[in-house]
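Per chain, numbering begins at 1; letters A, B, ... match sequence-line order.
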Number of protein chains: 2
Amino acid sequence: MEESSKKLGVQSVHRSTLSKQVVEQIVQLLVSGQMKAGDKLPPEMELMEELGVSRPVLREALSALETLGVITRKTREGTFFNNKVGTHPFSVMLALATDNLPAIIEARMALELGLVTMAAEKITDEQLEKLRKTIDTIANSEDNDYGEADKEFHHIIALSANNPIVEGMIDSLLITHNKVNSLIQVRERERTVEYHKAIYAALEARDPQDAFLQMYKHLDFVRQKVLQYSSANDE
Amino acid sequence: MEESSKKLGVQSVHRSTLSKQVVEQIVQLLVSGQMKAGDKLPPEMELMEELGVSRPVLREALSALETLGVITRKTREGTFFNNKVGTHPFSVMLALATDNLPAIIEARMALELGLVTMAAEKITDEQLEKLRKTIDTIANSEDNDYGEADKEFHHIIALSANNPIVEGMIDSLLITHNKVNSLIQVRERERTVEYHKAIYAALEARDPQDAFLQMYKHLDFVRQKVLQYSSANDE
DNA sequence: TGTAATCTTATTGTAAGACGAATTGCACAA
DNA sequence: TTGTGCAATTCGTCTTACAATAAGATTACA
């Protein structure tokens, strides 16, 4: 294992470390199809023997995998592969980028623009129905406390793209939705409803390009708002 | 430190676990600005005392952070915060999704569609120049081995959006670019050049909507190809 | 006989101690 | 002044041990 005499400068960014190797081996279990999502891994004792490492090393690896959201550990029950691969890593990453709110907004914008395009191809009637409800909720909200419905609107669109990877990404980005809301003190409910209706119409017509266009208008409006306020805060 | 009598069950979706708390605390060091990127953390002994945990727990946390790409550990030298937060988590995540190539393609598609739109607003003349070069490279390639130039084309567009978060995402997604290439046995160089030229023209004109449209055509073409081949392989 | 409570046990969570490896830095000698 | 060697620091790993928790079984009681 440690015969590094072979000119390991090539791709050895890894600096070996047993625990990392263990991480990769466990990931391989999934990739190779030996285990599926949702499966229960052997108890730590067995894994130790099977992989030939000590318990702390194994636990370091498991801890890393858990933080990545690949597995879930339940006291006394065991360790399981997660069915949803996704959101966790992003959350941590985004936690480190909270100071860069405009970047997050733009990332969300980029992603949602693509999403709505694909949603126009795939969205189901049920999802359209749900969308319409959120619009109603916003339109009928007495106060200006329609943040949740707004978030829901975007979330439904994300789901309708029917792609687990993108879902994971957008889930994390939408976490910042609340923060964005708090930035925009001056609510413009009618404006929001208008935008949402336009997007809905495009989706209903299954028109990717129009869906894109309407979403672009909407998000560009939001972005301008945020840029405006955040720059006002910065300086 | 260890008398957690303060009812920490408040937002503890985390099922506590000391090591996770340690992870968050260390992340907080960065977020709160107490430490900066590139800084050296105290040696493990000191961290143990400071955080009031045992070494295995601390090491589990550090291991998780390292896997996330937040820190780097060097034998004997110490532990350092990384300057670039970014791509690592995605790579792992995507490693688990390699079996779902169409999903990756679509995710890339969604992201690139949004990207090219924003790129149209931000791209610099130098970046346009680079883009043109990659197109030339592809056009002049004798054999059909223009995969790298193709990848470069998309990468430049991603960079021109000038957003670190999106860069991290797209970097990981483009890893699959090679895999996609290998799927498409039948090269259609002229077709590719055509698409790229159209995208380039839109970017040069700083026309977001046309850029989107051209990219959509391009990626949709690629997607159809991949779907075709991968479904042929599946069955 | 069925249900509930208790107890055992398996498994994860945490701790402490120890040793090895590797690299750095200092000291000493040439 | 420079080079070599030794020591100390710090990460990497292992061993052992105990605590906590919850599932499952067993037993007692109705």
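- Picking from C:dA10, C:dT14, D:dT13 the nucleotide with the shortest atom distance to the side chain of A:R59 gives C:dT14.
- Spacing between atom CZ of A:R55 and atom P of C:dG17 amounts to 18 Å, rounded to whole angstrom units.
- Relative to the six-membered ring of B:F80, B:K74 meets both conditions, a distance below 6.0 Å and an angle of at most 45° to the axis.
- Atom CD1 of B:I123 is separated from atom CG of B:N162 by 11.0 Å, given to the nearest 0.5 angstrom.
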side-chain hydrogen bond (donor to acceptor under 3.5 Å, both in side chains), that's the test. Do B:S63 and B:E66 meet it? Break it down for me.
CA-CA 5 Å; B:S63 179; B:E66 188 177 23; 5.5 Å; no
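- One can place CD of A:E60 at 14 Å from P of C:dT14, the figure rounded to the nearest angstrom.
- Distance A:E44 CD to C:dT14 P: 11 Å, rounded to the nearest Å.
- With C:dT12, D:dT13, C:dA15 as the choices, the nucleotide that has an atom nearest any side-chain atom of B:P56 turns out to be C:dA15.
- Going from atom NZ of A:K74 over to atom C1' of D:dA22 covers 12 Å, rounded to whole Å.
- Across the protein-nucleic acid pair, A:E49 atom CD and D:dT15 atom C1' stand 14 Å apart, rounded to whole Å.
- To the nearest 0.5 Å, the span separating CZ on B:R108 from CG on B:L115 amounts to 11.0 Å.
- Of the two residues contacting DNA chain D, namely A:E77 and A:S54, the nearest-nucleotide position lying further toward the 5' end is that of A:S54.
- At a cut-off of 3.5 angstrom, counting only N and O atoms as typed in the model, there is no donor on one side facing an acceptor on the other between the side-chain of A:R73 and the base of C:dT11.
- Comparing D:dT21, C:dA15, D:dC11 by their nearest atom to the side chain of B:L18 picks out C:dA15.
- Using cut-offs of 30° and 60° on the angle between ring planes, the pair A:H196 and A:F153 is parallel.
- Side-chain N/O atoms of B:R76 include none lying less than 4.0 angstrom from OP1 or OP2 on C:dA21.
- Following rounding to the nearest Å, A:E46 (CD) and C:dA10 (C1') show an atom-to-atom distance of 12 Å.
- Note: NZ (B:K40) to P (D:dT10) measures 7 Å, nearest angstrom.
- Rounded to whole Å, atom C1' of C:dA15 lies 13 Å from atom CE of B:M45.
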